[in-house]
Each structure stands twice: as structure tokens, then as C-alpha cells.
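Notes follow the structure.
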Amino acid sequence: MFVKHYKKLPGFRTMAAEWLMLGFVLVLSGLLIAYFVWNERGLLMTSNIERMRLQTLIIDENLSHQLEGVRSALDSVRDALREGGNCALDCRRTLLQSLKRAMPGVRALLVLDRRGAIIMSDDDLRDRRLDDRNYTSRVERMRDPDTLYLSQPYENTPGVFNIKLSMAVIGPDGANNGAVSAILNPEYFDAVMRSALYAPDMNSAITENSGRRILFVPADPAAMRNTSAAPDPFFARHQHSGRAETVLDGFTANGEQRLVVQRTMQLRGLGLDKTLVVSLGRNQALIAAGWHSMAWTCGVAWLVFGLTSSGALLLVQRRRQVLEDLAAARADEQAAAAEKVELALNGANLGLWEWQMVDDVRTVDGRAAAMLGYTSEELNAGDIDWRSMVKADDIPAVEAALAAHLADSSRSFEAEYRMRHRAGHWIWVQSRGRVVERTAGGRPLRMLGTRMDISARKLAEAEIAHLAFYDGLTNLPNRRLLLDRLHHAIAKAARGGNHGAVLFVDLDNFKSLNDTMGHDMGDRLLEMVAFRLGEVTRETDTVARLGGDEFVILLEDLGTEQQQAMGNAAAVAGKVLDALSRSYTLEAHELRSTPSIGVVLFGAEHHTINDLLRQADMAMYEAKAAGRATFRFFDPHMQVALDASATLEADLRFALQRDELRLYFQPVVDNGGRVTGVEALVRWQHPLRGLIGPGDFIPQAEKSGLIVELGEWVLEAACRQLVQWAGCADSAHLSMAVNVSARQFRQPAFVDQVLAVLDRTGADPRLLKLELTESMLLTDMDDVIAKMTTLKAHGVGFALDDFGTGYSSLSYLKLLPIDQLKIDRSFVHDMLHTRHASSIVRAIITLAYSMDLAVVAEGVETREQWSELEAFGCTAFQGYLFGRAAPLAELALAVLPNDDTDCTPVGSQAEAMLDTSI
């Protein structure tokens with residue numbers, strides 16, 4: 001490769017020299033173009049500056065000459081006005097007219113009294129429009145006869161600004177007797193100023209020393225009227241410089257860059273009371289347009305020249321390079337082929353070997369020898385027998401692969417085996433080869449092949465196999481390896497009659513530890529648990545981690561008798577319980593964690609893996625239910641209970657689909673025993689088990705989540721019954737109480753579901769009363785109040801069921817929008833027997849009435865209880881004394897009519913409607 005690049009080096013130098021020469025020419029020509037363009041810019045700027053200076057000088061001279069004529073005319077008028085003069089009134093007027101005609105820059109000549117009033121003019125019209133009040137008020141203060149007073153521009157006609165030049169008339173006593181004034185002709189001075197503008201972007205101005213412009217061309221009435229504006233920044237810079245003439249550039253307020261030449265007028269001998277500055281400005285961008293055009297033209301020409309010359313040079317060099325490459329390609333082909341073979345062998349880390357089979361001589365190259373820590377000379381000397389370097393366990397496989405290749409010449413020889421490294425350890429090698437030379441009779445003479453070190457691959461395969469069967473955190477067998485060993489243990493127990501056991505270990509409150517101290521601390525605890533489990537079990541036992549904080553211990557050979565096996569399993573479970581219940585020290589923290597252990601035995605009878613793990617899991621949950629930190633053996637009754645629960649849940653799902661639920665009603669009566677309403681209660685008409693009470697299936701519905709669907713069914717059935725009763729005058733007043741479970745009430749869409757049922761059935765929400773239990777108030781009180789308030793606004797009532805047995809905090813009573821308290825039946829049952837129960841009932845009734853709440857006593861079974869409750873002030877009762885919960889057909893309502901009107905649903909329609917409630 002170095003030779004190849006060395007051969008190309010002279011060509012590279014030639015190309016570099018050519019490009020450097022072209023670059024030098026381009027840079028030199030670019031610099032010359034830049035110089036000429038910059039020089040042109042300087043000439044344009046200098047030319048414009050000199051021309052503008054000349055124009056300001058011309059304006060200065062013209063205005064000075066005009067002002068001198070005005071002063072001379074005013075002197076003549078003032079002389080004619082002196083007392084004792086020979087010029088009468090007509091003479092003076094003629095003089096004024098003559099002087100005005102002689103000066104084209106004067107619009108009018110005036111004679112003013114000391115108050116500034118016009119007493120004579122060249123046409124004697126005394127035109128008040130020529131009067132400037134701000135100026136005439138100053139006439140009386142003109143005391144110097146030699147001073148020529150200049151007024152501010154004033155606007156008599158819109159857009160036309162006038163300027164006065166005045167000289168004071170002083171009497172013999174030295175007092176001011178008025179003034180003579182000349183009103184300058186703005187058109188004349190505008191023409192003089194415009195004559196200096198040789199470009200459309202130019203402007204000119206005359207500014208007095210206060211910064212006020214007295215003339216501006218082109219006309220700008222708005223700027224002339226704005227007397228409060230700040231002085232022009234160019235004028236301020238001119239004044240600050242102290243020079244008579246300045247050339248300035250900069251930006252105006254609107255962002256335009258201008259070149260401004262300013263000249264302070266040298267009005268010597270005029271005695272003017274103000275200093276005047278003539279300014280001439282031009283847009284610098286338009287001045288630069290001339291040299292910009294030249295710069296663009298020259299730049300484009302330079303760029304075209306550069307691209308053309310570069311392209312030509314590139315084509316020449318490329319053609320030359322192609323010719324040189326063709327000449328060198330043939331020389332490189334042979335070296336490239338040899339280099340590819342060498343790179344392939346090095347890249348694949350392959351060593352070459354050769355076997356002269358007749359003489360049994362083996363030779364290797366340097367790479368094959370280096371794999372074993374030797375040099376090729378050491379191995380090829382014949383002092384080391386290669387068979388002695390191969391691990392004895394692998395020699396049969398190598399010889400079998402060699403025999404297979406020699407028997408079938410179409411196959412290649414391939415074998416993987418271990419060889420002893422010079423350092424003493426074993427390395428895995430993969431050897432491949434073929435017979436490349438045979439005798440005429442087919443006898444093999446010579447073999448060639450390669451050898452590759454595959455130790456890293458074998459190590460990776462072993463690690464992968466380990467990860468597939470062992471837990472990465474605790475290094476215990478994982479679920480896959482556990483299932484395999486459990487399968488063999490079950491088969492072994494079935495054959496030999498020895499019992500085994502499965503211990504399911506779950507750490508108590510492990511989630512709390514993870515949440516409070518972090519997952520790292522939880523992992524440390526799991527590692528220590530795995531270590532302790534290994535200490536209390538035998539080497540023949542299997543301790544596995546299923547995942548999370550769940551461990552399984554597989555015990556084998558516990559004895560042929562079940563009682564003996566149970567005792568041995570209990571002993572191991574006790575050791576595990578003691579070991580895991582000891583304190584743990586984790587990073588200076590003293591922690592305690594206890595296990596719950598489920599134990600199941602297996603023996604000669606038939607077992608499946610899934611059954612054993614499920615039964616051990618059930619036993620573990622029994623241990624948790626027993627208070628945790630203990631162990632329990634699996635009892636077949638557990639399976640029976642679990643199966644019964646699963647069957648009940650499945651049947652309950654079908655009950656909702658097959659209309660097997662029935663709605664029962666228990667009446668609520670007043671003091672006179674008259675029925676005022678009912679409480680809706682659900683029953684299940686099972687096709688095989690008959691009528692099932694709510695205590696047998698409501699807990700399962702709560703556990704499985706079916707309580708939500710069940711509650712919706714009850715609510716809709718109850719509302720439909722309210723609509724049915726509303727059709728009869730005698731039953732239209734009856735209210736319906738429906739129990740709502742906590743899980744159903746906490747549904748986000750509960751309010752919408754209730755309102756939808758009311759809307760769908762047309763039931764009167766004022767007759768519907770939802771009964772809540774105090775357990776609902778333990779969490780998220782704000783959500784409970786919000787839902788109750790929303791339904792309350794639609795007319796739905798609320799009752800607090802079993803009052804006094806649950807949360808029983810009085811703080812929520814003032815917050816909840818409830819209508820009724822229901823005294824729990826336990827207090828009613830005991831009030832005749834214990835003073836405390838009687839006091840509680842009386843207190844509940846008093847509390848309810850003090851908060852304007854209705855109260856209902858539940859569980860009234862005797863007339864004595866009824867009488868006692870009436871004595872306490874209770875007015876609503878419910879219990880067996882007035883009627884048990886019964887289906888609609890058996891419900892005894894004192895208010896039901898005796899005529900032909902039937903207020904109950906009939907036939908299948910009734911069943912369909914009743915089958916839609918809880």
C-alpha cells in the first residue's frame with residue numbers, strides 16, 4: 001500500500017502545483033479588480049463631495065448677496081423715515097415700491113410701529129395676512145439700529161412659509177419707534193436652493209443656530225410646523241465640530257444613509273442676529289450605485305473566469321489520472337489477490353494445517369500455533385504429539401468425524417474439540433478440512449484444513465444456557481429449570497413410592513419495602529433471602545425463584561409414609577420460617593421480613609406440575625390469611641372452596657344473561673303501620689340450587705367485579721317498578737330504596753348511569769332513594785359529595801344505611817347531602833336488653849331530627865321494639881314485624897286498591913321488567 005501511494009506522489013505534487021498557480025492567478029486578478037472598484041468608489045465619493053461643497057458655497061454667496069441687498073433697502077427706507085427728511089408720504093411709498101421691484105427676493109416692504117402694527121407697505125394695503133404675531137410682539141424689543149433681525153418661518157397661507165428681516169427705527173431720544181421689515185419671497189429662495197440640487201435624491205436646508213429650519217427643499221410643511229422636534233442630528237454634529245464646513249455621513253431617523261455637506265454662512269457686515277447654516281444632503285446608496293454596478297460586473301467576470309479555468313484544469317488532470325490509473329491497475333491486481341487471501345485468514349482468525357497422511361506428519365502455520373501459545377517451529381519440529389494435546393473426552397468424536405469424511409469423499413471434515421494451551425488451560429477449537437490428494441486407488445495421501453479458536457463462542461453459549469435456566473439476580477434456578485426438576489421429581493416419586501413436597505414461599509409486605517426504600521434495597525434483600533434458603537436446605541433440594549418475591553423449594557425423598565413426609569416437610573418449613581424471619585442488615589438499616597409458606601405433598605398418586613404449584617399457592621394464601629409469618633399445608637377443602645367460588649362466579653355471569661335474578665321488596669311503614677315505601681333486595685333463582693340469598697353471592701360479585709353490572713340491573717328494575725306503581729293513585733306515593741355498593745358508586749360514570757336509567761324508564765327521581773354504607777366515606781370524600789350533590793340536584797334522595805356500625809364520624813354528616821339515617825338492626829335488637837344500645841338508638845334519633853334528617857329503624861321484629869322506638873320519637877320502621885322481603889306478587893301493601901286496576905306487571909313482561917334490578 002505504501003508503494004502504491006509513493007508512486008502516486010509525483011502526480012499529486014504536479015496537480016497541487018497546477019492548482020496553486022491557478023489559485024495565485026485568481027487571487028491576484030481578484031485583488032486588482034477589488035483595487036479598481038475601491039478606487040472608483042473613492043473617485044465617486046470625492047467627486048460628489050466636491051460638487052456638494054461647491055453648491056453650498058454658491059448658495060452661501062447668493063443668499064449673502066441677497067441679504068446684503070435687503071439690508072441696504074431697509075437702510076434706505078429707514079433714512080427716508082427720519083424726521084426732517086425731504087421725503088413725504090407719497091415719496092416714501094414710491095421708495096418702497098421701487099426698492100421692492102429692484103429686489104426679486106423680497107415679497108413686501110413694511111413699516112411697523114413699536115407695537116408691530118403695519119403703518120405703511122409698498123402697496124399701502126396693510127395686509128394683515130403679512131403679519132406674524134409672534135414676531136411683531138418683538139418689535140418693541142429691537143433696540144440695536146445696526147442689527148438685522150431675522151424672524152422664525154411663519155405660515156400665512158397653508159404650505160407657504162414666510163421670513164421677515166427687520167431693522168429697528170430709533171428716535172432721537174434713543175427709544176424704539178418701530179421697525180422697517182422685508183418679507184422674503186419664498187419662491188425665490190426655493191428656486192435658489194433648487195438650483196443646487198443636481199440629483200433627485202438630494203435635499204437642501206437653511207438652519208439657524210437654534211436648530212430650527214427656516215427653509216427646506218423639497219418642501220416639508222409638517223417638519224417646518226413641528227417646532228418642538230429635536231435638531232437634525234447632522235446639524236448637531238456640525239455645531240459640535242466647531243468648523244465652518246463639515247462633510248458628514250450617517251443614518252437618518254427612518255434608516256436611510258445620507259451624505260451631508262454643511263456650511264456656516266459668513267455673513268460679515270450684515271449684523272444678522274442669527275447664525276445660518278446651509279446644508280446639502282444626498283442618499284449614499286444612490287451615490288454607491290455607480291461603483292456597485294461596476295463591482296458586480298467585474299465580480300461576475302472574475303467568477304466566470306475562475307470557473308472556466310478550474311473546469312478546464314480539472315478535465316486535464318482527470319484525463320491524465322485515468323491514464324495513470326490504467327497503467328497502475330495491472331500491477332496492483334496480483335498484489336491485491338494475495339492481500340485478500342491474507343486479510344480473509346486474519347479476519348476470520350483461521351490457522352492453516354496440513355497432514356501428510358502416509359508419514360503421519362502434521363504442520364501448522366504461525367496463526368494455528370499461536371492459538372495454543374506456541375510458535376510454528378516448535379509444533380512442526382515433531383517433538384509434540386498433537387493427540388496428547390486433545391482432551392481425552394473429545395478424541396472419540398474427532399476420530400468419528402474423520403472416519404466419516406474418509407468414508408465419503410464428498411463430505412468435509414469438521415470437528416469441535418478442546419486442546420491444551422501452553423499455559424495449561426483448555427481452549428475450544430473448530431477444525432475443518434478435506435483430503436486434497438489421493439492415490440489412483442483412492443487412498444488418501446494429504447489433507448488441508450483450517451483451525452479456529454471458538455472458546456469465546458463456547459463461553460457465550462454456556463452463559464446463555466445458564467441465563468436460560470437460572471435467575472439473573474439470585475443465581476437460583478428459574479421457573480423453567482424448576483418445572484423440569486419438578487417433572488422428574490414427580491416421576492421419581494411415582495416409581496419409588498417416596499414422597500416429596502413443594503414449598504411456596506412469599507415475603508410479607510415486600511412491596512412496602514420496595515416503595516419506601518427503593519428497588520435496589522429490595523434486590524439486596526432478595527439476594528440475602530436466596531442465601532439463607534440455601535443454608536437451610538440440602539444440596540439435593542431445589543431452591544428456585546419464580547419471580548418478584550416468590551420462591552419455591554422442591555424437597556425429595558421425604559419418606560415412604562405420608563405422616564413421616566409431612567413431618568419432614570414441616571421441619572424444613574419451620575427452618576425456612578426461622579431463617580427468613582431473622583433481621584437483615586442492609587446498608588446500616590435493620591430490617592425485618594417474614595415469609596408466608598404454603599406446603600403441598602406429592603407421592604405415588606397422579607399429580608400434575610400446575611396442580612402442585614396452584615395448591616402450594618393456595619396454601620400460602622391460607623398462611624397469609626392466618627396472620628402471616630407462618631406456614632400451612634394444602635387441604636383438599638381449599639380446592640373445594642376455590643372450585644365452588646369459581647363455579648359460583650361463572651354461574652353468576654350466566655345469571656345476568658339468562659334473567660335468573662329476581663327483585664324482592666321489604667316494606668317501610670309509618671307510626672300507623674301504613675306502607676310508605678319499600679327497600680329493593682335482590683335474590684337469585686338458580687336453576688339447580690333454587691333460591692339463593694344475597695349473602696351467598698354478593699361477596700363473590702364484589703370480588704369478581706360483577707357487582708357493578710348487578711347494581712345496574714337492580715337500579716333499572718326498581719325504576720321500572722316505580723313507573724308501574726305511578727299508574728295507580730293508591731301506590732303512586734311509594735318510594736323505592738336501592739342499595740348501592742362501594743365499587744359501583746366509585747365508578748366514574750355512576751352519576752351518568754343513574755340519570756340514564758331515570759331518563760330511560762321515566763321514573764320519578766323524587767321517589768328513588770339510594771342507600772350508601774359508611775365504608776364508602778373512608779376514601780375520596782370530595783368525590784362522594786360531588787356525586788351525591790349532582791344526583792340530589794335531579795331529585796334523587798340518599799339514606800345512610802347501618803348507621804353507627806361503620807366509620808361513624810359525625811364530621812361527614814354536616815357535609816353529606818343525605819336525607820335519612822337508618823338505625824342498624826343490631827342496636828334495635830339489643831335496645832330492650834342493654835342500656836347502652838337503648839341510649840345509642842335514642843341518640844341517633846335525636847341527632848337525625850336535630851339535623852332535619854329522617855330516620856328509619858331496621859330489624860323491628862316485636863311490638864315491644866316498635867313501642868320503644870315510638871317512645872323515642874322514631875316514625876319509620878322496617879323489619880319482620882311488618883313483612884319479610886317478598887316478591888312483588890306476595891307483597892302486602894295496605895294502600896293497594898281492591899278494584900280491577902292491576903298495578904303489578906303481568907306475565908313475561910313483569911318478569912322481564914323485574915329481571916332488570918339488584
Side-chain angles (χ1 to χ4, degrees), residues 1-2 334-438 444-472 475 478 480-481:
M1 294 296 291
F2 175 76
Q334 293 179 346
E339 186 178 17
K340 287 179 181 179
V341 173
E342 186 68 19
L343 287 174
L345 292 174
N346 284 330
N349 194 24
L350 293 174
L352 297 177
W353 55 265
E354 181 180 359
W355 182 20
Q356 298 290 342
M357 304 177 71
V358 176
D359 301 326
D360 195 20
V361 175
R362 291 175 174 83
T363 57
V364 296
D365 66 352
R367 283 184 295 270
M371 292 178 191
L372 300 173
Y374 296 93
T375 64
S376 57
E377 290 79 9
E378 289 175 329
L379 292 182
N380 294 336
D383 297 333
I384 303 175
D385 181 16
W386 76 275
R387 291 182 181 84
S388 65
M389 302 175 66
V390 178
K391 192 174 182 64
D393 296 342
D394 299 337
I395 288 179
V398 175
E399 292 178 344
L402 180 61
H405 170 61
L406 296 179
D408 184 359
S409 59
S410 62
R411 296 176 56 184
S412 297
F413 164 73
E414 182 174 347
E416 294 180 359
Y417 50 91
R418 285 161 287 186
M419 298 188 72
R420 176 79 69 178
H421 192 273
R422 187 171 196 168
H425 60 275
W426 297 99
I427 68 168
W428 278 93
V429 297
Q430 182 186 64
S431 184
R432 292 175 175 173
R434 291 183 69 94
V435 174
V436 295
E437 187 176 348
R438 293 177 181 268
L445 297 177
R446 187 165 65 98
M447 283 185 69
L448 290 178
T450 61
R451 179 186 296 167
M452 180 171 62
D453 185 351
I454 59 171
S455 300
R457 193 194 80 190
K458 287 291 186 179
L459 183 62
E461 290 176 353
E463 185 175 356
I464 291 172
H466 181 80
L467 291 176
F469 292 100
Y470 288 87
D471 177 56
N475 206 33
N478 60 14
R480 178 182 294 180
L481 184 54

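Under the side-chain hydrogen bond (donor to acceptor under 3.5 Å, both in side chains) criterion, Asp385 pairs with no residue, sequence neighbours left out. The salt bridge (Lys or Arg N to Asp or Glu O under 4.0 Å) check on Arg446 picks up Glu354, Glu437, with sequence neighbours excluded. Applying the ring-ring contact (aromatic ring centres under 6.0 Å, His included) rule to Tyr374 yields no partners; only residues at least two apart in sequence or on another chain are considered. By the side-chain hydrogen bond (donor to acceptor under 3.5 Å, both in side chains) test, His466 pairs with Asn475, sequence neighbours left out.
At least one donor-acceptor pair closer than 3.5 Å links the side chain of Asn478 to the backbone N or O of Ala468. Not one N or O on the side chain of Arg432 forms a donor-acceptor pair closer than 3.5 Å with the backbone of Thr450.
The nearest pair of heavy atoms linking Trp426 to Val390 is CZ3-C, 4.1 Å. Taking each heavy atom of Ala415 and Ala401 in turn, the nearest pair found is CB-CB, 4.2 Å. Closest heavy-atom contact between Leu350 and Met452: CD2-CB, 3.6 Å.
For residues 388-404, the set of pairs meeting the side chain to side chain donor-acceptor pair (under 3.5 Å) definition, not counting sequence neighbours, comprises Asp394-Arg418.
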Side-chain polar contacts of residues 455-463 - donor-acceptor pairs under 3.5 angstrom, sequence neighbours left out - could you list them?
from, atom 1, to, atom 2, distance (Å)
Ser455, OG, Trp428, N, 2.9
Ser455, OG, Asp453, OD1, 2.8
Arg457, NE, Glu461, OE2, 3.3
Arg457, NH2, Glu416, OE1, 3.1
Arg457, NH2, Glu416, OE2, 2.8
Lys458, NZ, Glu416, OE1, 3.1

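The aromatic rings of Trp353 and Phe413 sit perpendicular, their planes meeting at an angle over 60°, well past the 30° parallel limit.
The only member of Arg422, Glu378, Met389, Arg420 that meets side chain to side chain contact (heavy atoms under 4.5 Å, CB included) when paired with Leu372 is Met389.
Between atom CE of residue Met357 and atom CZ of residue Arg362 there is a gap of 8.5 Å, rounded to the nearest 0.5 Å. Atom CD1 of Ile427 and atom CE of Met419 lie 7.5 Å apart (nearest 0.5 Å).
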message = Determine whether Arg451 and Ser431 satisfy the following criterion, side chain to side chain donor-acceptor pair (under 3.5 Å), listing intermediate values before the conclusion.
response = CA-CA 5 Å; Arg451 179 186 296 167; Ser431 184; 5.4 Å; no
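Taking a 6.0 Å sphere around CZ of Arg387, one finds it holds more than 12 heavy atoms contributed by other residues, nucleotides or ligands.
With no hydrogens or angles considered, a side-chain donor-acceptor pair links Trp355 and Asp360 at under 3.5 Å.
The side-chain heavy atoms of Val435 and Met447, taken from C-beta on, include a pair separated by under 4.5 Å.
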